Colleague: 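Questions regarding the structure given below will be posed in turn.
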Protein chains: 2
Amino acid sequence: MHTNKNCIQRMSRYRNALNRFKGLGFSKIFSNYLADAVGSTSSQVRKDFSLFGIYGSKRGGYSIDCLIEQLNEILGKNELQKVVLAGFGNMGAALVRYKGFSKEGISILAAFDIDPAKYNKRINNIEVLPLDRLQPFVQEHQIKIGILGVPEIAAQHVLDLMVAAGIRGVLNFAPIQLKCPAGCVVNSVTLEHELENVIYFVNANEKTEGVAA
Amino acid sequence: MHTNKNCIQRMSRYRNALNRFKGLGFSKIFSNYLADAVGSTSSQVRKDFSLFGIYGSKRGGYSIDCLIEQLNEILGKNELQKVVLAGFGNMGAALVRYKGFSKEGISILAAFDIDPAKYNKRINNIEVLPLDRLQPFVQEHQIKIGILGVPEIAAQHVLDLMVAAGIRGVLNFAPIQLKCPAGCVVNSVTLEHELENVIYFVNANEKTEGVAA
DNA sequence: CTTTTAATGTGAAAAACATCACAAATCTAT
DNA sequence: ATAGATTTGTGATGTTTTTCACATTAAAAG
């Protein structure tokens with residue numbers, strides 16, 4: 001199958017929008033409305049669905065329940081997703097409190113840090129444990145997914161620990177390129193880079209508008 | 001010029017890596033080392049630079065100082081970037097404390113919220129003000145960039161306020177597609193979707209490995 | 001000074017991705 | 001039942017992005 005990161009991101013957005021449509025009482029939807037809701041085009045929507053073997057009915061559109069169910073399956077929403085968090089600093093503490101994860105069936109089972117001052121804190125019933133307990137914890141709970149909220153300097157080391165423990169995919173917030181073995185996935189989100197992006201395009205717009213005016 | 005989001009993201013990463021190389025005492029660099037450092041290829045690096053009129057010397061590579069300076073110019077690093085934040089919830093509070101922004105010359109000048117219980121809190125010398133003071137504040141300080149850390153339900157409304165006040169680019173954390181007039185930029189980062197992405201590819205890997213084994 | 005070596009810069013080629021456009025299907029109205 | 005309207009599913013087409021490959025150039029060695 002021919003999927004990429006953007007495509008899966010769109011799947012998440014479709015699912016999100018569909019839940020809103022469902023909440024509004026709709027039971028069927030056409031590709032163009034869904035496209036509008038996520039800022040895409042109807043052919044893109046249909047292509048994406050076709051890629052995953054998701055079919056609607058001609059003239060009748062797609063059943064929202066049916067779509068959501070299939071997207072749930074694709075995105076792993078039919079089981080609770082167990083996650084560990086490394087790094088209980090500013091970012092880590094915020095992620096533990098973040099409602100979006102639990103709302104989406106993602107559960108941070110524990111947080112890990114090297115700073116003893118943080119041990120045994122409990123937020124949202126999530127405990128902070130010493131980093132050296134990460135490996136047994138991950139193995140015991142059969143966890144595949146990790147979140148890296150540690151400083152840049154420690155990120156590669158902690159990622160290596162995670163991978164050694166059995167983690168197969170990581171969401172990383174450190175502004176650095178991480179190396180991991182084949183078969184493992186790292187998705188890096190760097191907030192300062194995301195903001196730099198906005199700044200760049202705002203400046204670029206200003207320049208071209210200046211030319212146009 | 002022909003740039004896109006990914007391209008600018010790479011620019012941010014190049015800059016990051018170059019600062020590390022500089023910190024290690026290097027003064028020149030070749031495209032292949034830089035590529036390694038950011039997880040790209042040497043031809044991609046050279047194409048990117050060429051696109052922005054950044055040139056090295058054949059056989060001699062690129063001067064790190066010179067590169068950093070040009071990337072600073074492109075990414076707006078030569079001036080302090082003033083930003084406002086809307087929404088002082090869990091995410092907003094974390095962003096105010098986030099070191100990565102100030103480290104990169106991004107300064108959140110004030111935060112805004114509708115909840116009076118949050119007014120006049122001060123963290124990192126950033127004050128929380130009533131949302132209706134956003135417009136005069138933005139105009140007075142000539143701010144072009146905003147961060148949206150408000151709940152999904154409020155996001156479009158607050159974005160409209162920002163745009164009316166003169167904000168031209170927004171980093172949005174709400175899991176929803178926002179509409180804004182032409183000439184404005186919205187970059188949405190949805191943490192739960194980023195994690196869903198990781199989960200999807202981990203599952204996908206497991207399946208294909210199962211087949212291969 | 002000349003030769004050798006090694007890295008850049010960039011058209012050309014390839015790959016990845018998105019859009020178009022239309023046949024096929026099916027719902028609605030008569 | 002039949003006709004008409006409308007939406008899907010998908011090959012074909014177009015566009016964007018990445019990779020290739022090599023002429024060009026500059027450093028280093030002889």
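Only heavy atoms go into these numbers, but all of them, side chains included; no hydrogens, no water, no symmetry mates. Chain identifiers are assigned alphabetically (A, B, ...) following the order of the sequence lines, protein sequences preceding nucleic acid strands; residue numbering begins at 1 within each chain. The shown structure was predicted, so the numbers you read here are calculated from the model rather than taken from an experiment.
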Colleague: Show me the donor-acceptor pairs within less than 3.5 Å that the side chains of residues 135-142 of chain B make with the rest of the protein, sequence neighbours left out.
Modeller:
from	atom 1	to	atom 2	distance (Å)
B/His141	ND1	B/Phe137	O	3.1

Colleague: Can you list the residues that meet the side-chain hydrogen bond (donor to acceptor under 3.5 Å, both in side chains) rule with B/Lys5, with sequence neighbours excluded?
Modeller: B/Asn187
Colleague: Quick one: is A/Tyr33 getting a side-chain N or O under 4.0 Å of the D/dT7 phosphate, OP1 or OP2?
Modeller: no
Colleague: How large an angle, rounded to 10°, do the end axes of the helix from C/dC1-D/dG30 to C/dT30-D/dA1 enclose when each is built from five base pairs?
Modeller: 10°
Colleague: Nearest-nucleotide wise, let me know which of A/Lys47 and A/Ser42 is further upstream toward the 5' end of DNA chain D.
Modeller: A/Ser42
Colleague: Check salt bridge (charged side-chain N to carboxylate O under 4.0 Å, His left out) between B/Arg10 and all other residues, then give those that pass, not counting sequence neighbours.
Modeller: B/Asp48
Colleague: Between atom CD in B/Gln44 and atom C1' in D/dT16, what is the gap in whole Å?
Modeller: 12 Å
Colleague: Figure out the CG/P separation between B/Asn6 and D/dT19, and round it to whole Å.
Modeller: 12 Å
Colleague: Can you give one letter per nucleotide of nucleotides 21-30 of chain D, 5' to 3': B if a protein heavy atom sits under 4.0 Å from the base, S if only from the sugar-phosphate, - if neither?
Modeller: B--BBBB---
Colleague: Using ring pair (Phe, Tyr, Trp, His ring centres under 6.0 Å) as the criterion, list what pairs up with A/Phe49, not counting sequence neighbours.
Modeller: A/Tyr14, A/Tyr62
Colleague: Pick base, sugar-phosphate or nothing for B/Phe49, based on heavy-atom distances below 4.0 Å to the nucleic acid.
Modeller: nothing
Colleague: For B/Glu69, which residues count as a side-chain hydrogen bond (donor to acceptor under 3.5 Å, both in side chains) partner, sequence neighbours excluded?
Modeller: B/Asn78
Colleague: So, is A/Ser50 close to the D/dG9 phosphate, meaning a side-chain N or O under 4.0 Å from OP1 or OP2?
Modeller: no
Colleague: Reckon A/Ser31 touches a base, only the sugar-phosphate, or nothing at all at heavy-atom distances under 4.0 Å?
Modeller: sugar-phosphate
Colleague: Apply side-chain hydrogen bond (donor to acceptor under 3.5 Å, both in side chains) to A/Asn197 and list each qualifying residue two or more places apart in sequence or on a separate chain.
Modeller: none
Colleague: Counting only side-chain N and O atoms of A/Tyr55, is one of them less than 4.0 Å from OP1 or OP2 of D/dT7?
Modeller: no
Colleague: Looking only at heavy atoms, which two atoms of A/Ala93 and A/Phe88 are closest? And how far apart?
Modeller: CA-CE1, 3.9 Å
Colleague: So, using salt bridge (charged side-chain N to carboxylate O under 4.0 Å, His left out) as the criterion, who are the partners of A/Glu104 when residues are at least two apart?
Modeller: A/Arg15, A/Lys77
Colleague: Do any pairs count as a salt bridge (charged side-chain N to carboxylate O under 4.0 Å, His left out) and have a residue in residues 144-161 of chain A, sequence neighbours left out, and if so which ones?
Modeller: A/Glu152-B/Arg20
Colleague: What is the 5' to 3' range of DNA chain C, first to last nucleotide, that sits under 4.0 Å from any heavy atom of chain A?
Modeller: C/dC17 to C/dC27
Colleague: Classify the nucleic acid contact of B/Asn4 as base, sugar-phosphate or nothing, counting any heavy atom under 4.0 Å across all strands shown.
Modeller: sugar-phosphate
Colleague: Determine the minimum heavy-atom distance between B/Ser42 and B/Ala35, stating which atoms define it.
Modeller: N-CB, 3.5 Å
Colleague: Using atom CG of B/Leu51 as one end and atom C1' of D/dT18 as the other, report the distance to the nearest whole Å.
Modeller: 12 Å
Colleague: Sequence neighbours left out, what passes salt bridge (charged side-chain N to carboxylate O under 4.0 Å, His left out) with B/Arg46? Give chain and number order.
Modeller: none
